[in-house]
Amino acid sequence: PSFPPRQTPLAQFTMPGPDDEESTSLEQTINEEYKIWKKNTPFLYDLVLTHALEWPSLTVQWLPDKRVPPNKDYSVHRVLLGTHTNEGEQNYLMIAEVRLPLEDTEIDARKYDDERGEAGGFLGGSSKI
């Protein structure tokens, strides 16, 4: 039978076979390239903050407020994130707090933490989502 465009049965694209090995190999390659990029970020950028989300976010908006806690080396900013989920899953908005180092905060970009896979850092603690 012929199907109208965009209504092709999903099973046609999810059949097990040799493509599974290619998909696994591609995922491994992407993961290795990401690790290399992340290890080189101190040489490419002044600051990189990463946080894994359950769903990708196609919408990111910095909110206008900013707090500077007393006796801390960071400021707290809020970010609005919009999810991009699968069909059948509810999309939603969430507000995240991001701790950014103050201008005079020293960050040692030469220090690489193999366990966390991260370079540099400052004592701003963890972020809240």
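Fair warning: this is a prediction, and the values are worked out from it, not measured in the lab. Note: hydrogens, waters and symmetry copies are ignored here, and every other heavy atom, side chains too, is used.
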Any side-chain heavy-atom pair from V76 and P69 closer than 4.5 angstrom? yes
Does some side-chain heavy atom of I95 sit less than 4.5 Å from a side-chain heavy atom of L81? no
Residues 56-65 side chain polar contacts: donor-acceptor under 3.5 Å, at least two apart:
from	atom 1	to	atom 2	distance (Å)
S57	OG	T59	O	2.9
S57	OG	G82	N	3.4
S57	OG	G82	O	2.8
D65	OD1	R78	NE	3.3
D65	OD2	R78	NE	2.8

Apply side-chain hydrogen bond (donor to acceptor under 3.5 Å, both in side chains) to H77 and list each qualifying residue two or more places apart in sequence or on a separate chain. S75
Tell me every residue that passes side-chain hydrogen bond (donor to acceptor under 3.5 Å, both in side chains) with N91, counting only those two or more places apart in sequence or in another chain. T83, T85
Cut-off 3.5 Å, no hydrogens considered: what does the side-chain donor-acceptor table look like for residues 27-34, sequence neighbours left out?
from	atom 1	to	atom 2	distance (Å)
T29	OG1	S25	O	2.9

Which atom of R99 lies closest to which atom of L49, heavy atoms considered: O-CD1, 3.9 Å
Taking side chain to side chain contact (heavy atoms under 4.5 Å, CB included) as the test, write out the residues that go with N86, two or more places apart. W55, E89
For Y45, the side chain to side chain contact (heavy atoms under 4.5 Å, CB included) test, sequence neighbours excluded, returns W37, T41, V48
Mind checking the CG-OH spacing from L102 to Y74? Nearest 0.5 Å is all I need. 10.0 Å
